[in-house]
Every structure is written in C-alpha cells, then in structure tokens.
Amino acid sequence: MKELKEIELKWQKKWEKDKLFVAKEKGKKCYVLEMFPYPSGLGLHLGHTFNYSIGDAYARFKRARGFNVLYPMGYDAFGLPAENAAIKEKIHPKEYTEKSIKNFIFQQKRLGISYDWNKLIKTCDPEYYKWNQWLFLKFFENGLAYRAKAPVNWCGHCGTVLANEQVEDGECWRCHSKVEIKQLEQWFLKITKYADELLKDISGLNWNEKIKIMQKNWIGRSDGIEIDFKLKNSEDKLKVFTTRPDTLWGVTFVVMAPENPKVFDLVRGTKYENEIKKFTNKVVIDEKYERAVEDKEKEGLFTGRYAINPVNNQEVPIYIANFVLLEYGTGAVMAVPAHDQRDFEFARKYKIPVKVVIKPKEYELDAEKMMKAYVDMGIVINSDKIFNGMNNFDAIKEIIKYLEKKKFGKRTINYKLRDWLISRQRYWGTPIPIIYCDKCGILPAEIPVLLPDDVKFSGEGNPLANHEKFHKVECTKCGGDARRETDTMDTFFDSSWYFLRFIDNKNEKKIFDAKKIEKWMPVDQYIGGAEHAVLHLLYARFFVKAMRDIGLLEIDEPFINLFNQGMINKNGMRMSKSKGNVIDPMETIEKYGADTLRTYLLFMGDPGKNREWDDKGIEGVYRFLKKIYSFKNKIKPRLNIKDKILESKLNQIIKEITVDMDEFKFNLAINRLMQLTNFMHTQKENISAKVFDDSLKKILIMLSCFAPHISEELFENGYVSVAEWPKADEKKIDKKLEDDEEQIEKLIDDINNVAKIVKEKNKDIKKCFVYVLPKELKIYNDSIEDISRRTSFEIKIFSVADKDKHDPEKKSSKAKIGKPALYLE
RNA sequence: GCGGGAGUGACAGAGUGGUCAAAUGUGCUGGCUUGAGGUGCCAGUCCCUUAGUGGGUGCGCAGGUUCGAAUCCUGUCUCUCGCACCA
C-alpha cells in the first residue's frame, strides 16, 4: 500500500503539532517508562523497536483509560562506543553522540511512539551531568562515596576499570577481553550499606521471578557466625566465618586466603615466608580469574602455624589455599573436610585427617573410605555431648547460642555484594568532581566540572589525564597547586536516577522538585530487557534508597512493576551481524509500515518470552491491517440480521482485551481483534451501517494501541489516540446468541454440502427444498432469510410440533431435529 | 551443583478442570476472481468412515487424583536461561 507511508507521516506530524501526548498536571497519574537507550550510531535495532512497541501500547491504553500518563524518552548518551568512534573515525564523541541521538529521535518518531518529547533528556548534556556531580558530592558528604585502594578489574582493551557487575566470566562485559587485576586507588559507592534493605525489599516488587532471584543471588546473603580461633604461641586471634557451626567439632585445619594480610604476620621471619610469598603472587596475580572456577584444583601451603579450636582446644594447622577468597567473610575459613567438598579435596591432597561429625540417618560414614564430603542433613555425632544426637539443622541454632554465650564467636551476616566501583579512566563520561591537594587532601570541586572539548584521542590512556588545563587546578581551600580528578563516572551512575530527572527535566536550580517527585514516583510500569537484572536495576534501587536517606525524596523503591520483554530470534538464533540474520526495523517499515511492524512484534507471541521472527508472519499481520483499512470504502448497507451477534462479540472482546492489556498479553488482544475483524468482514452485508460503524469505532480505539496511524485514518470522531477506551456492555453479551449463530453456520454448511452432492448426483433435479427442523423455532425463523440467501436454496421450516406432518420418508433422508433434511421436486 | 523458564498440530503460537480436534497466523491442497503461478475471496488440511451423520487417536514420557485433565499431583526425560570454589 503506497499510501500507508503518507498516512503514517501525516498523523505523526499532526500529533506533534497538537501536542497530543504531553503529560498533564491533573488526573490520576501513570508513569510508563522504557529503559532509555544508548544512542548507538547504528540506529534502532529490532529489540528497541519491540521495547517501544510494548511501552507505547501500554501508554496508549492507560491514556485511553483516563490516566494522566507520563511517557518520556531520553538518551543514555555517555559511554565507550562514542569514544571509540572518536579514536577510529576522528569524530568528536559529542558530535558522534548528537548525530546518533538525532537519528534515534527521527526513527522513534517514525515509529509513531507517543512520547512526551518535552521531557527529553540526554545524559551527556551538562544540564544533566552537573546533577550527577551534585549527587556524587552529596554521597561523598554522607559517606556513601569513598576512595580506596583495592584490587580492581582492569580491562586493557577498554583502558579502564570495571565494576564487579561488569565482569562476566573474567571477561569485560563490553568487549569480552580478559580482565586483569590491578591495585588502584578508585572511587566506590557504598552499596553494601544497603545490602540488607535491597534484599528485603525484593519481596515487595512486582517483578519477574527470575530477575528477583538473580538479584537475591547477587546480593547473596548468608547467615552464620564468626568464630575466634586462638593462635598457638600468640595473643592474636584468627576469625573465621561459617554457616555450619554444627560441624565445628569436625575442624581439622584452618585455611586463609593467600592475600590475607594476616598471613604475612604469621610467617614473618620463618622458613615458610619465601614459599608463601611466591605462592601468593602466583595465585593472586596470575590466576585471579582461573582461580574462581569450581573444578580448579585446590592448592595450598602450610604456614607452619597452628590455631586452637575454642570448643575442644584442639590444635589444627593453618594453611593458605587458592580457594579461599579474601573479600568474603573474614578471608579465613575453618575447614571441615568430612562435610565440605572443597575442604575434603584439599585434605585428601595434603593428607590432613578427616573427622566425621554429622551422620546420615540410614548408614555410617567411614572417614578413611569416604570418596566425597557428606554435605546433607544428618545427626550430630563426635561433638559436645550437649549436641550429640541432635538433628544438625536444629543444632546449628543451639550451637550459635552456645558459642555466643561462651563468647567464642558472634552471629554475623555476610553478603556477596561488593561496593560499586565507579571510576573510569575514560573521557566520555561525567567528570568526578574532586580535587586533590597535597596539603588539604581530598576536596569537592566546584560544580559543574565541564568536560573540555579540546582533547586528543590517541587511543592510549585517558585524554583528560593528558589535558593540562583540565587537571591542573588551584586548591579550593589553600589556593596552592592541586590536581583535579581525571576519572569519569561509570555511565551506570547516569542511568541510576534518570527516571527522576524526567519528571522535572527543565529545573535549572535543583536536581528536581521534591513535590513533583512525590506526585509522579514510583514508576508505574518499567519496561526493558532482562540483561539489566543486576546492573542497572540494582543500582537504581540503591540510588533511590540512598537519596531517600539524604532527604531528597521519600520513596523506597523506584520501579514497582517491571516487565521484561523476551528476545527476538531469527532462524533459531540471536540476531547478529556476523550471522547475517538481522532484521532492520527501518527497512521493514519501508516495506510494510510502522503499524504493521509494531503490531507484528506484539502479535508474534507472548512478549515476555523469546520468540522467532518469521518473514511470513508479518505478511499475515499486514493483510489483517489491510483488511481493516478496506473498511474505509463503505459497503452499501445492508441487512441487520447480524447486528446482535456482532454487538455480543464486540462487547465480549472489549471485556477480554481490557484484561489482556493490563497483563501485557498483547498477542491475545490482537488475536481477538483479528477474529472480530474477520467476522465483520465476512458478515459486512448483514450488519447495519450504524452497528458496523459503531463497532469499528470501538475496534479502532483498541487497535490504536498497536497500529495508531491506520486507526487515526479510519477514525472519524477526532483523535483516536486520545479517545476514551470503550466500555463493555455486559447486557449485550449474549453467549446463547453466539452459540445459536454457530449452529446456524453449521446448518448452512450442512445444507450447502448436501445440496452440492445432490446436484452432482441428480442433474435433472429442478428444485431443491431444504427442510429445517429447528430446536427453537424463533431463532431459526429469524435466520431463514439469511440461510436462504447464503445457500441459494429454498428453505422451509418445520417446527418440532410439525415434525409429524412432515413426511421424511417421502423423498428425503432421515430427518433429525435441528438438522436439515432434503426434499426434492 | 543451585536456581528460573519451557515441552501442544507441517511450523509458530493460543488454551490452565468440562463448551477442545484444539483460536489466530503461516504453510500446503482445491475452487472462484484474473491476462496471470500476482492480489483478493471461499473451502479443506490428525486417522477411519459417511451423501450428510458417526467413530477413533491426540497436547514430551510414565503413573495418580477426578464423574471428567493439555489443564491439578507425583516421578521421569529433554531443551533453554541465569549464578556458580561465598565457607
């Protein structure tokens, strides 16, 4: 359809001109938000398009339902690709990004997404990132941002450090090159302070279970106890963390992380010192990532020292080993080889005794012959007589009480979550607003700290570090020579609060107006891919809690409802350039129009699941829209015999679609629209003009969530985009009527079939009557005309009472009630 | 190993206790439209049987609950995704 493009462009212009989608001040609010995109130079991909099709369908639905919808769009515009483009193509990141954003906006408008464009934000705009800096300083003031030397993940390819969340299998999440470990002074945000709250509040979120569990795992809470082991020949103590105090009597050695600073104290001046240092270097530097693999062979060294188990005063040797992590717990563990697989492997290798203290109910364990650790539930044995015989699950609680009472240890909770490292040694990001003075120390810089434009992109190092004017500053306190921080912030900082800035994006004086935040937050519906399960979604939750504690807002969670869309595959695989199976949304729009693409994306299956793109599938949707469009050419009406049926069906689907929309079952909603449209199409001559038009109007309002342009074109009462959602009239839903209709359809089928055969077999037959013996005369009577017309046979009716008058044996076959019978002349 | 999700017709994908041989789309077959293997329309598309009717099998596999299951329970297999030496 040639005119399709014209239609779409026409309405897009009109919507913009009439500011149709600007959020209002009044009415019940609904904040609909898609995860804002990184504006890559390649333009929208199908995943974006799908994401926005979902959001727009939902936003349009909510608007039609009378909500005051805030539906903004912005760009996560800082980041590496722009900088890489700068190095490669000699184009300034700013220029590259601006160009990409322009293209994104153009394409999004071409899709007809109903954003409130007044709310636009770009994170690379100083008007945005100066508030990043402001926030950072607030965090700094409140002890939530701190600088520390720590082993950090270094990606040589990207030339920057990475957060733990950005390391996947020891590789950079972006470029997939191997990550190394470096000791560097870096800025951290204290997300661990909120570990418990972040974990606890997950239960109140209406999110996909998978994402919730991923976050829970990432935070990784374990409840246990820290136990003090005295050191032999020393006043010092060694703390270990365990969740299994029930195995305390089975401890046969203690293991420390090699890089634990205490190790050096233990071995200083002994014959073990050199070996230990060598081993530590090997493990910590060379094998940082290989080390963290389960089947990596356990390796270790004896330190020459002993620890004393507080509960039985037994002396046990202290080892260091590659499988113990410094960052977790106390960096030292009590080893119970009988009941922990790692300890078991280690003990067997280094010939350390194994002592069984938990026994399965059904059989005995032999410490000498065991092939693996026994880690299941069981009965406590060989321990203190107070606990022997207890179920070990109960014993854990009792032993913790006992240890606390005896002051041997303290109940502790440990988390896997680490603080968030936000320093990046790159140019295209928010400068960290800090200066360093040799005399005065670390000081906040005056903000905004603007990114200088005149930088050179050599591809080596951080351009800001080579920009003298930028990093040479006066100390704000003493006026002496000082150095400005040249690191920029992780771009996840930008995206951790952007949803707040949308609400008050033009505020020059404040980060946002708290009253407006109170009005609009939390986001009612957030929509995005599952790839941000632990990155963005965790950071944003942390920011909101931190900002709450600083007094900037009053909510606890940013996103109550989250919808994760699935991925779209082609030929059973993820779309990728290398596989050559990429569907380009803009090409598809050229061919079929935005309406078709959007409707197909939502029709192809459950939007929450992965689905398969089918070139033929989109054809079907295209045909459906064309069919609807054909309603524009008025059919000369017409009978009204199907009016009631149509009304019944219509009201039924209004009811159903209203539910579907709230549950993101867009595929079902579209399906229902198709069914009804098909009915109207086949029955168009049997429906009165009034009912037909009225039904079409309501269908268009619902359809406009998916195919807004074509719906506008056909709608004749103002803008369909702001029309009120139809209400289902329960009174008109008549299942009985629809059932009867089905029966009539069957009847017509039957008659046609019979007649066809009769014709074939008896060509000399002139007239052919069909006698119908109805169950309920009334319905059939009403439909006789219809049946007669649609079968081109003369129809006669017999009521049940007349059945006997009719003589079926005469000429026709056996007549059954409700079935047609033939009568030939 | 732990944890999520999923297994339905030629394919994709609906359907979560009866109204299901199972929506819708695609594919395939036949008919009409047409200059046309293009568009559009109509019909058919598990198996057997019939002029119409009718009957049988069927929703990964094996059991169970129920008057009745694709739908609930148990076991089992397969696929997929996330986390993974966290003590």
Side-chain angles (χ1 to χ4, degrees), chain A residues 168-169 208-218 220-222 224-227 240-245 247 254-255 257 290-298 321-336 339-343 345-346 375 414-418 530-531 533-534 566-567 600 603-606 608-624 626-627 630 665 667-668 670-675 677-678 681-682 735 738-739 742 746 749-762 812-816 819-822:
Chain A
E168 297 166 350
D169 293 326
N208 174 332
E209 211 47 43
K210 179 182 156 187
I211 305 290
K212 293 201 327 191
I213 283 168
M214 280 168 78
Q215 285 216 356
K216 274 185 200 164
N217 289 344
W218 189 263
R221 169 179 168 135
S222 27
I225 182 162
E226 269 181 20
I227 302 172
V240 301
F241 174 74
T242 183
T243 55
R244 293 289 305 274
T247 62
V254 168
V255 207
E290 295 99 271
R291 178 186 173 190
V293 175
E294 198 171 354
D295 28 308
K296 171 84 183 167
E297 193 175 352
K298 314 279 176 279
N322 57 354
F323 68 88
V324 179
L325 309 171
L326 177 65
E327 317 86 75
Y328 190 75
T330 61
V333 297
M334 58 179 229
V336 186
H339 306 296
D340 181 286
Q341 186 57 26
R342 293 155 298 171
D343 300 348
E345 285 168 33
F346 194 83
V375 295
N414 263 309
Y415 297 94
K416 285 201 264 182
L417 185 70
R418 297 280 101 84
E531 67 274 15
V534 282
M567 283 194 310
Y600 175 57
F603 176 63
M604 63 198 290
D606 183 338
K609 289 183 189 151
N610 291 354
R611 288 151 1 279
E612 173 81 13
W613 176 277
D614 183 354
D615 289 326
K616 283 166 186 157
I618 194 168
E619 297 270 0
V621 171
Y622 188 47
R623 236 168 273 153
F624 159 62
K626 277 196 280 189
K627 194 176 279 179
S630 74
K665 301 260 168 91
N667 51 337
L668 296 185
I670 294 167
N671 202 331
R672 294 187 215 283
L673 289 173
M674 282 178 169
Q675 287 181 45
T677 308
N678 282 342
H681 189 257
T682 53
K735 274 283 170 194
E738 289 188 43
D739 287 349
E742 257 172 57
K746 259 190 196 160
D749 283 359
D750 288 349
I751 293 170
N752 277 330
N753 275 327
V754 172
K756 197 172 121 195
I757 288 149
V758 168
K759 253 191 180 171
E760 277 168 14
K761 292 198 171 171
N762 309 286
S812 80
S813 57
K814 46 201 161 160
K816 285 188 196 169
K819 301 283 180 198
L822 277 180

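Letters A, B, ... mirror the listed sequences (proteins, then strands); counts begin at 1.
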**Student:** Tell me which nucleotide, if any, is Watson-Crick or G-U wobble paired with B:rU19 when both distances must be under 3.5 Å.
**Tutor:**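 Result: none.
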**Student:** In terms of side-chain heavy atoms of A:Ile213, which of B:rG3, B:rC81, B:rC86 is nearest?
**Tutor:** B:rG3
**Student:** Rounding to the closest angstrom, what is the interatomic distance between B:rA84 and B:rG1 at atom C1'?
**Tutor:** 8 Å
**Student:** Using whole Å, report how far CE of A:Met214 lies from C1' of B:rG82.
**Tutor:**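 Taking atom C1' of B:rG82 as the reference, CE of A:Met214 is at 5 Å.
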**Student:** Enter the distance from A:Asn678:CG to A:Lys627:NZ here, rounded to the nearest 0.5 Å.
**Tutor:** 4.0 Å
**Student:** Look up atom CE in A:Met604 and atom CD1 in A:Ile670, then write down how far apart they are to the nearest 0.5 Å.
**Tutor:**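 A:Met604 CE to A:Ile670 CD1: 11.5 Å, rounded to 0.5 Å.
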**Student:** Determine the interatomic distance between P on B:rU8 and the same-named atom on B:rA70; round to the nearest Å.
**Tutor:** 15 Å
**Student:** Looking at B:rA87, B:rC81, B:rC85, which one has an atom nearest to any side-chain atom of A:Lys298?
**Tutor:**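 The listed nucleotide nearest to A:Lys298's side chain is B:rC85.
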**Student:** What is the base-pairing partner of B:rC28, counting Watson-Crick and G-U wobble geometry with both distances under 3.5 Å?
**Tutor:** B:rG44
**Student:** Just name whichever nucleotide pairs with B:rG82, Watson-Crick or G-U, keeping both distances under 3.5 Å, else none.
**Tutor:**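 Base-paired to B:rC2.
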**Student:** Does B:rG37 have a Watson-Crick or wobble partner in any strand here, with both distances under 3.5 angstrom, and which is it?
**Tutor:**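 Per the H-bond distance test, none.
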**Student:** A:Glu327 CD to B:rC86 C1': how many Å, rounded?
**Tutor:** 10 Å
**Student:** When you get a sec, tell me which of B:rC81, B:rG15, B:rA84 is the closest nucleotide to the side chain of A:Leu668?
**Tutor:** B:rG15
**Student:** Ignoring hydrogens and angles, are the base of B:rA12 and the side chain of A:Arg611 linked by a donor-acceptor pair under 3.5 Å?
**Tutor:** no
**Student:** Roughly how far apart, to the nearest Å, are B:rG5 and B:rG55 at atom C1'?
**Tutor:**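 It works out to 39 Å between them.
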**Student:** Take atom CD of A:Gln341 and atom C1' of B:rC86, then tell me their distance rounded to the nearest Å.
**Tutor:** 16 Å
**Student:** Rounded to whole angstrom, note down the C1' distance from B:rC11 over to B:rU45.
**Tutor:**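 It comes out at 14 Å once rounded to the nearest Å.
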**Student:** Go through the structure and list residues passing side chain to side chain contact (heavy atoms under 4.5 Å, CB included) with A:Arg221, not counting sequence neighbours.
**Tutor:** A:Asp196, A:Leu199, A:Asp223, A:Ile413, A:Tyr415
**Student:** What is the separation between atom CG on A:Asn610 and atom C1' on B:rA12, rounded to the nearest whole Å?
**Tutor:**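 After rounding, the reported distance stands at 14 Å.
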**Student:** Enter the distance from A:Glu619:CD to A:Lys626:NZ here, rounded to the nearest 0.5 Å.
**Tutor:**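 That separation rounds to 7.5 Å.
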**Student:** What is the separation between atom CE on A:Met567 and atom P on B:rA6, rounded to the nearest whole Å?
**Tutor:**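 So the CE-P distance, A:Met567 to B:rA6, works out to 16 Å.
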**Student:** I'd like to check A:Tyr600 versus A:Trp613 (side-chain heavy atoms, cut-off strictly below 4.5 Å). Are they in contact?
**Tutor:**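 With C-beta onward as the side chain, the pair touches.
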**Student:** Any idea which of B:rG82, B:rA14, B:rG3 is nearest the A:Asp606 side chain?
**Tutor:**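 The answer is B:rA14.
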**Student:** Are the side chains of A:Phe323 and A:Glu345 in contact, using a 4.5 Å heavy-atom criterion?
**Tutor:**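 They are not in contact (no side-chain heavy atoms under 4.5 Å apart), so the answer is no.
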**Student:** Taking 4.0 Å as the cut-off, does a side-chain nitrogen or oxygen of A:Ser222 come that near to OP1 or OP2 on B:rA87?
**Tutor:** yes
**Student:** State, yes or no, whether a side-chain contact exists between A:Arg418 and A:Tyr328 at a heavy-atom distance under 4.5 Å.
**Tutor:** yes
**Student:** List, with names and distances, any nitrogen or oxygen atoms from the protein found under 3.5 Å away from nitrogen or oxygen atoms belonging to nucleotides 25-29 of chain B.
**Tutor:**
from, atom 1, to, atom 2, distance (Å)
B:rG25, OP1, A:Asn678, ND2, 3.4
B:rU26, OP1, A:Arg623, NH1, 2.4

**Student:** Roughly how many Å is it from CD in A:Gln215 to P in B:rG3, rounded to a whole number?
**Tutor:** 19 Å
**Student:** Calculate the interatomic distance between A:Phe323 atom CZ and B:rC85 atom C1'; express it in whole Å.
**Tutor:**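 In whole Å, B:rC85 C1' lies 8 Å from A:Phe323 CZ.
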**Student:** Please report the distance separating the P of B:rC77 from the corresponding atom of B:rA62, rounded so that it comes out in whole Å.
**Tutor:** 15 Å
**Student:** Taking atom P of B:rA12 as reference, at what distance in whole Å does atom CG of A:Asp615 sit?
**Tutor:**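 A:Asp615 atom CG is separated from B:rA12 atom P by 16 Å.
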**Student:** Starting from the 5' end of RNA chain B, give me the residue, A:Thr242 or A:Gly605, whose nearest nucleotide shows up first.
**Tutor:**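 Per heavy-atom nearest nucleotide, the more 5' residue is A:Gly605.
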**Student:** Side chain of A:Asp343, backbone of A:Val336: donor and acceptor closer than 3.5 Å?
**Tutor:** yes
**Student:** Using only atom types and a distance under 3.5 Å, with no angle test, would you say the side chain of A:Asp606 pairs donor to acceptor with the backbone of A:Arg611?
**Tutor:** no
**Student:** Could you work out which one of B:rA87, B:rG82, B:rC86 sits closest to the side chain of A:Asn217?
**Tutor:** B:rG82
**Student:** Sticking with atom C1', work out how far B:rU80 lies from B:rC73, rounded to a whole angstrom.
**Tutor:** 25 Å
**Student:** Measuring from the side chain of A:Leu325 (C-beta onward, heavy atoms only), which nucleotide among B:rG82, B:rA87, B:rU24 has the closest atom?
**Tutor:**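 Nearest listed nucleotide: B:rA87.
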**Student:** Under a 3.5 Å cut-off for both contacts, is B:rA62 paired Watson-Crick or G-U wobble with anything, and if yes, with which nucleotide?
**Tutor:** B:rU74
**Student:** Using the C1' atom as the reference point in each nucleotide, state the distance between B:rC42 and B:rA21 in Å, no decimals.
**Tutor:**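 Approximately 22 Å lies between the C1' atom of B:rC42 and that of B:rA21.
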**Student:** Measure from the side-chain heavy atoms of A:Gln675 and tell me the nearest of B:rC83, B:rU24, B:rA87.
**Tutor:** B:rU24
**Student:** Which value, in whole Å, describes the distance between the C1' atoms of nucleotides B:rA22 and B:rC46?
**Tutor:** 11 Å
